[in-house]
Amino acid sequence: MQNNCTINVENSINSGQVFLWRKNNDIWYGVNGQDILKISKVGKIKSYQNIKTDFFRKRDDIEKIIKSISKDSVTKKAVKQYLGLRILEQDPFQCLISFIVSSNSNIQKIKNSLEKISKKFGEKVEFENQEFFLFPKPEIIAKASINEIKSCGVGYRAKFIKEAANMMALKKINFEYLKKCNYQDAKEEICKIPGVGNKVADCILLFSLNKLESFPLDRWMIRILEKYYSDKFQLETKSITEKQYEILHEKIVNHFGPYAGYAQQFLFKMERENYQKKWL
DNA sequence: TTGTGTCCTTTTTG
DNA sequence: ACAAAAAGGACAC
């Protein structure tokens with residue numbers, strides 16, 4: 001039975017949130033930190049490490065969230081069209097590195113780089129008769145040389161990746177604490193990590209640290225706001241400054257409410273599909 | 001074919 | 001303070 005609670009696995013994975021995923025015979029397999037997940041078409045999850053995860057955030061009251069974010073005709077349309085889309089709850093360290101890699105890049109390249117990073121520094125495991133590489137532990141990347149990291153095709157981001165891993169290894173960042181504290185404080189903390197600016201921070205907060213009010217403003221979202229919301233949020237330029245980002249985020253939360261992140265995901269998915277952009 | 005623009009941005013420089 | 005440039009490289013057109 002289709003209803004508002006039915007999860008669409010394909011749309012959720014193919015929405016720019018995760019990168020280390022592949023599909024075999026209608027079954028999705030993906031790396032999630034030190035775990036591998038197998039997800040059937042109907043969303044049944046099997047974990048390599050037998051860890052219980054709420055990958056699809058079933059604890060969220062999705063009916064309530066959809067009601068809450070459906071503030072205008074554009075969002076209503078996006079929600080209706082991609083009803084089963086969900087925010088995925090990822091391993092925070094993998095998410096951090098993924099979105100540092102993502103800056104000024106594209107999905108294909110991000111996936112390629114992350115695969116190389118996993119293969120080079122991660123532990124090889126076998127699951128369901130397939131070979132996988134777990135996502136590397138921070139200590140391993142922290143000890144690697146810049147050139148070794150560069151060989152994964154990440155270019156100038158290599159030093160950010162090494163430093164981010166180092167901050168994790170030295171326990172300068174405490175994800176468990178950041179999951180519990182408020183949006184502003186968590187954002188301030190992770191923006192201290194090199195390679196993490198406003199947009200990357202919002203991705204990490206939304207996709208791994210439980211901050212549903214974060215609303216990553218990338219090129220696409222700016223384009224969407226200009227196209228459909230020019231009356232609500234006036235935008236001056238293409239690339240926005242730090243201050244403009246903050247002001248805009250405040251206006252967005254005012255409009256969409258505390259689950260703005262879900263609205264962002266539905267809108268992003270809709271527009272990328274409209275332009276027939278490729279996913280994984 | 002070879003060339004050019006585009007990428008889910010951040011940091012550095014002027 | 002703030003705009004502009006620089007920072008891989010793959011890929012589409």
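A salt bridge does not link Lys199(A) to Asp218(A): none of the charged side-chain nitrogens sits closer than 4.0 Å to a carboxylate oxygen. Of the charged side-chain nitrogens involved, none lies within less than 4.0 Å of a carboxylate oxygen, so that Lys159(A) and Glu163(A) do not count as a salt-bridged pair.
Annotation: Asn129(A), atom CG; neighbour count of heavy atoms from other residues, nucleotides and ligands within 6.0 Å does not exceed 12. More than 12 heavy atoms of other residues, nucleotides or ligands sit less than 6.0 Å from atom NZ of Lys232(A).
Within 4.0 Å of Ser98(A), counting heavy atoms only, lies no atom of the nucleic acid at all.
Using a distance-only test at 3.5 Å, with no hydrogens or angles considered, no donor-acceptor pair links the side chain of Gln34(A) to the main chain of Gln49(A).
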Under 4.0 Å protein heavy-atom contacts per nucleotide of nucleotides 5-13 of chain C, with B for base, S for backbone only and - for none:
--BBBS-S-
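Ring geometry for Phe132(A) against Phe127(A) counts as tilted: the plane angle lies between 30° and 60°, on a 0 to 90° scale.
When the P atom is used for both dA5(C) and dG5(B), the distance is 15 Å, rounded to whole Å.
Rounded to a whole Å, the NZ atom of Lys277(A) is 8 Å from the C1' atom of dC7(B).
Of the residues Arg22(A), Lys41(A), Lys23(A), Lys38(A), the one that meets the side chain to side chain contact (heavy atoms under 4.5 Å, CB included) test with Trp28(A) is Lys23(A). A side-chain hydrogen bond (donor to acceptor under 3.5 Å, both in side chains) with Asn274(A) holds for exactly one of Arg272(A), Lys277(A), Gln276(A), Glu271(A); it is Glu271(A).
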Would Leu206(A) and Lys211(A) satisfy side-chain contact (heavy atoms from CB on, under 4.5 Å), going step by step from the backbone distance to the final call?
CA-CA 5 Å; Leu206(A) 180 58; Lys211(A) 303 292 177 278; 6.0 Å; no
Dot-bracket pairing map - DNA chain C, Watson-Crick plus G-U, both contacts under 3.5 Å, | cross-strand:
.||||||.|||||
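For an aromatic pair to be called close, the ring centres must be under 6.0 Å apart, and His249(A) with Tyr183(A) satisfies this.
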Return the polar atom pairs (N/O with N/O) between nucleotides 11-14 of chain B and the protein under 3.5 Å, or none.
unit_1  : atom_1 : unit_2    : atom_2 : d
dT11(B) : OP1    : Gly195(A) : N      : 2.7

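Of the candidate nucleotides dC7(B), dC8(B), dT10(B), dT10(B) has the atom lying nearest to any side-chain atom of Val200(A).
An anti base is found at dG5(B): its glycosidic angle is more than 90° from 0.
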